[in-house]
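Let me begin by presenting the structure, written as structure tokens, before commenting on it.
What's counted below: heavy atoms across the whole structure, side chains too, no hydrogens, waters or symmetry copies.
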Amino acid sequence: MSGESSDRTAMITGASRGLGLALARTLAEDGWTLIIDARTEEALESARAELSRYTHVIAISGDVTDPEHREDLAEAAREVGGVDALVNNASILGPSPQPDLLDYPLDTFEQVYRNNVISPLALIQALNNELKPQARIINVTSDAAVEPYEGWGGYGSSKAALEQLSNILAAENPGLRVYRVDPGDMRTQMQQEAFPDEDISDRPLPEESVPGFIELLTGDLPSGRYEARELAARVGTTAADS
């Protein structure tokens, strides 16, 4: 079984589960060529096997904080003729349960920033020559970037930094579409780690956020900050009224 042929290529980090995998599934079914990564080789291979039923998939396991891994991803992008979209989805939460800032281990704090802020920029830099004209860059963020939730000082402030990085990147590169996207609360492993003692079965599945991402990847919206589910609802309402 295969989707419609497409000359579009997307790179998605952290694509072996959760939002990354849900987005990859939709793009694969639409025929996008995919370059995906994740830290765990076994989980990534499982995702590759599933997605390959629909489209061409290049799966490269590794950590986005590793320069050699980023170069491997860039080389894959060169081999397929460049990318139309980069989705910086891979990130880490930090300690679970999350500590207050006055008790936050600084070495771990630095690791959170290395994963959530520095690595997305480093990957964009590595792909600079492989980004097609009008390429879309989506940096996945969070409402914790703008709301002062207690205990979210590490993760939330790293996402706030990623948001401003995205904002400036868009200003400096008007030929690109740079989106910072809040997917909303989701029923994912990271969400469970954030609330280890809670039942998160009432959270929406990642699939409910995907239509908002698709609108950004295929529509004509300007660079900016978007809430994925709000955008999906808006697009759905517009479609129903047309």
Side-chain angles (χ1 to χ4, degrees), residues 1-64 66 68-92 115 119-120 123-124 126-127 130-132 135-140 177 179 181 183-184 186-192 203-219 228-229 231-232 235:
M1 181 178 183
S2 62
E4 297 179 3
S5 62
S6 171
D7 60 358
R8 296 172 295 180
T9 298
M11 180 181 294
I12 306 174
T13 65
S16 65
R17 67 179 193 227
L19 175 64
L21 180 55
L23 177 58
R25 283 183 178 127
T26 298
L27 294 180
E29 290 171 2
D30 198 32
W32 287 61
T33 295
L34 296 177
I35 304 170
I36 59 174
D37 96 326
R39 297 182 188 91
T40 306
E41 184 174 358
E42 183 178 357
L44 185 64
E45 172 55 27
S46 176
R48 187 207 62 77
E50 174 191 343
L51 299 170
S52 292
R53 294 160 47 206
Y54 303 98
T55 192
H56 177 52
V57 182
I58 301 171
I60 304 173
S61 61
D63 192 321
V64 289
D66 179 2
E68 291 186 5
H69 176 59
R70 294 194 298 266
E71 182 51 41
D72 288 343
L73 293 172
E75 178 59 30
R78 281 190 287 274
E79 290 176 358
V80 298
V83 296
D84 299 272
L86 166 64
V87 182
N88 276 313
N89 171 65
S91 63
I92 63 171
N115 276 269
S119 292
L123 184 54
I124 294 168
L127 292 174
E130 317 310 328
L131 295 170
K132 295 180 183 179
R136 317 297 171 93
I137 297 174
I138 292 183
N139 290 326
V140 179
R177 306 287 180 95
Y179 303 121
V181 185
M186 298 178 292
R187 197 186 317 166
T188 62
Q189 181 175 323
M190 179 179 284
Q191 185 80 356
Q192 188 64 78
R203 269 65 159 189
L205 289 170
E207 285 77 5
E208 295 190 29
S209 298
V210 167
F213 282 82
I214 298 300
E215 177 63 21
L216 292 170
L217 292 175
T218 61
R229 287 205 293 270
L231 179 58
V235 172

Hey, are the side chains of [X] and [Y] touching, using non-hydrogen atoms and a 4.5 Å cut-off?
X	Y	answer
Val83	Leu131	yes
Val210	Arg25	no
Arg17	Thr40	no
Leu23	Ile214	yes
Val181	Val87	no

Find the distance between [atom1] ([X]) and [atom2] ([Y]) and round it off to the nearest 0.5 Å.
X	Y	atom1	atom2	answer
Glu68	Leu73	CD	CG	12.0 Å
Glu71	Leu123	CD	CG	10.5 Å
Ser61	Arg48	OG	CZ	12.0 Å
Leu44	Ile60	CG	CD1	9.0 Å
Asp72	Ile58	CG	CD1	11.5 Å
Leu217	Ile137	CG	CD1	11.5 Å

Glu41, CD atom: more than 12 neighbouring heavy atoms under 6.0 Å: no
Heavy-atom donor-acceptor pair, [X] side chain to [Y] backbone, under 3.5 Å:
X	Y	result
Arg70	Val64	yes
Arg136	Gly219	yes
Asp37	Gly14	yes
Arg177	Ala135	no
Asp63	Arg39	no
Thr55	Trp32	yes

Closest heavy-atom pair and its distance - [X], [Y]:
X	Y	answer
Ala15	Ala38	N-CB, 4.4 Å
Thr13	Ala90	OG1-N, 2.9 Å
Asp7	Lys132	O-NZ, 3.3 Å
Glu130	Ala74	CG-O, 4.1 Å

Val80/Ile35 under side chain to side chain contact (heavy atoms under 4.5 Å, CB included): CA gap, chis, key distance, verdict: CA-CA 9 Å; Val80 298; Ile35 304 170; 4.1 Å; yes
Reference residue Phe213; test side-chain contact (heavy atoms from CB on, under 4.5 Å); the match among Leu19, Leu27, Thr26, Asn89: Leu19
